[in-house]
Visitor: 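Let me begin by handing over the structure; questions about it come next.
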Amino acid sequence: MLKKVAILSSGSGSNAQALITHFASQENIEVVFVGSNRASAGVLEKARHSEVHHGHFTKEDLNNGSLLNALEKLEVDWVLLAGFLLRIPIEFCSRYQGRILNIHPSLLPKYGGKGMYGIRIHEAVFQAGEKESGMTIHYVNEHYDDGAVVFQGRVKIDDVTNAQEIAERVLKLEHAYYPRISTELITLDK
Ligand code: GRF
């Protein structure tokens, strides 16, 4: 049964691109919208290049329900956050409960929550002298990085010399696992 997916991102969109590319080979999954709260986000250019319907929305659109209405008009079944920096309002979470995922570049619950995004995470991991890091795929609720964990990928970092090296190793895990894990969950959703 065809499942329609929306991807929301605030940044460059390398995870969004990995998802779009993988889903193109899945006949039961169609990306019907890629959206960003930043008009200049690289993810929108990637969506245009991949010929996927895309658009910019504001924080108000997210919080006043108009983005939710737009996704419902597109008959979106699943919402995948990929580098999306805004908190999802509770009405949105309720509507997509069990069908909205996020990916976070740390082993939650460590190094998560408000303000923990991008290189800041990896700096904190590096400063703490952690021997491993990784990524977490989790269901989304109305709190940052707080929903039930679906999957975690780990990588050893005891040989790194800076935070950027951690970021690069974790991003590779994200690109490898987010498409596969989300495909499994979406396909299991009858
Ligand atoms: C990724 O590290 C993701 O885990 C986090 O934000 C970053 C987005 O990178 N949520 P990109 O825009 O997918 O390249």
Side-chain angles (χ1 to χ4, degrees), residues 5-24 31 33-50 52 54-57 59 62 78-88 92-93 96 100-128 130 132-157 160 162-183 185:
V5 171
I7 301 171
L8 306 183
S9 170
S10 303
S12 60
S14 71
N15 273 288
Q17 185 62 68
L19 291 166
I20 290 166
T21 302
H22 186 76
F23 291 151
V31 182
F33 180 68
V34 172
S36 184
N37 58 309
R38 291 186 178 158
S40 60
V43 68
L44 295 177
E45 176 56 24
K46 289 181 170 70
R48 188 187 65 74
H49 185 70
S50 301
V52 175
H54 57 281
H56 168 250
F57 58 87
K59 190 173 184 178
L62 174 63
W78 280 75
V79 178
L80 303 183
L81 307 184
F84 189 65
L85 299 180
L86 301 180
R87 206 157 43 83
I88 305 297
F92 196 115
C93 294
Y96 281 104
I100 177 168
L101 298 171
N102 183 44
I103 188 165
H104 182 83
S106 79
L107 295 172
L108 291 175
K110 294 178 78 174
Y111 308 103
K114 188 170 173 52
M116 286 305 276
Y117 58 87
I119 195 67
R120 296 178 182 188
I121 295 171
H122 308 297
E123 289 289 0
V125 168
F126 183 69
Q127 291 306 324
E130 300 282 0
E132 67 172 5
S133 191
M135 40 69 80
T136 301
I137 298 169
H138 63 93
Y139 287 108
V140 172
N141 64 28
E142 66 276 23
H143 307 295
Y144 283 112
D145 306 324
D146 184 53
V149 172
V150 169
F151 175 85
Q152 290 191 311
R154 296 168 181 274
V155 63
K156 291 187 77 52
I157 56 168
V160 301
N162 60 54
Q164 184 55 35
E165 285 179 53
I166 301 173
E168 286 161 7
R169 292 185 189 181
V170 171
L171 194 62
K172 279 200 183 83
L173 285 179
E174 296 180 67
H175 292 169
Y177 286 111
Y178 203 12
R180 290 179 178 82
I181 299 299
S182 56
T183 296
L185 291 170

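We count ligands from 1, going down the list as the structure has it; atoms in each ligand are counted the same way. Values reported hereafter were calculated over all heavy atoms of this structure, with side chains retained and with hydrogens, waters and symmetry mates removed.
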Visitor: Going by distance alone, is a donor N or O of one side chain under 3.5 Å from an acceptor N or O of the other, for H138 and T136?
Guide: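 No, no side-chain donor-acceptor pair sits under 3.5 Å.
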Visitor: Can you confirm, on distance only, whether ligand 1 has an N/O atom lying under 3.5 Å from any N/O atom belonging to N15?
Guide: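 Indeed, backbone or side chain, N15 has an N or O that close.
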Visitor: Starting from atom 10 (N) of ligand 1, find the nearest protein heavy-atom neighbour and note its residue, name and distance.
Guide: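 Looking at atom 10 (N) of ligand 1, the protein heavy atom closest to it is I103 O, 3.1 Å.
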Visitor: With backbone taken as N, CA, C and O and side chain as the heavy atoms from C-beta onward, which portion of E174 lies under 4.0 Å from ligand 1: side chain, backbone, both, or neither?
Guide: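 E174 to ligand 1: side-chain contact only, backbone stays beyond 4.0 Å.
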Visitor: Counting non-hydrogen protein atoms only, what is the nearest one to atom 14 (O) of ligand 1? Give residue, atom name and distance.
Guide: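 Result: S14 OG, 2.5 Å.
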Visitor: Could you tell me which atoms of ligand 1, counted from 1 in the order shown, lie closer than 4.0 angstrom to a heavy atom of S12?
Guide: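 In order of number, 11 (P), 12 (O), 14 (O).
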Visitor: From atom 12 (O) of ligand 1, work out which of G83, S106, G13 has a heavy atom at the shortest distance.
Guide: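 The residue whose heavy atom sits nearest atom 12 (O) of ligand 1 is G13.
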Visitor: Look up atom CD in Q152 and atom CG in L173, then write down how far apart they are to the nearest 0.5 Å.
Guide: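 Q152 CD to L173 CG: 11.5 Å, rounded to 0.5 Å.
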Visitor: May I ask you to test the V140-F92 pair for a side-chain heavy-atom distance under 4.5 Å?
Guide: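 Of all side-chain heavy-atom pairs linking F92 with V140, none is under 4.5 Å.
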Visitor: Can you spot which of L19, I20, L80 makes a side chain to side chain contact (heavy atoms under 4.5 Å, CB included) with V34?
Guide: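 When L19, I20, L80 are each tested with V34, the side chain to side chain contact (heavy atoms under 4.5 Å, CB included) holds only for I20.
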Visitor: Could you list the atoms of ligand 1 found under 4.0 angstrom from a heavy atom of P105?
Guide: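 Per the distance check, 2 (O), 4 (O), 5 (C).
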Visitor: Above 12 or not: heavy atoms from other molecules or residues under 6.0 Å from OH of Y177?
Guide: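 12 or below, so no.
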Visitor: For a side chain to side chain donor-acceptor pair (under 3.5 Å) check, start with the C-alpha distance between H175 and S14, then their side-chain angles and the critical distance, and finish with the verdict.
Guide: CA-CA 8 Å; H175 292 169; S14 71; 2.8 Å; yes
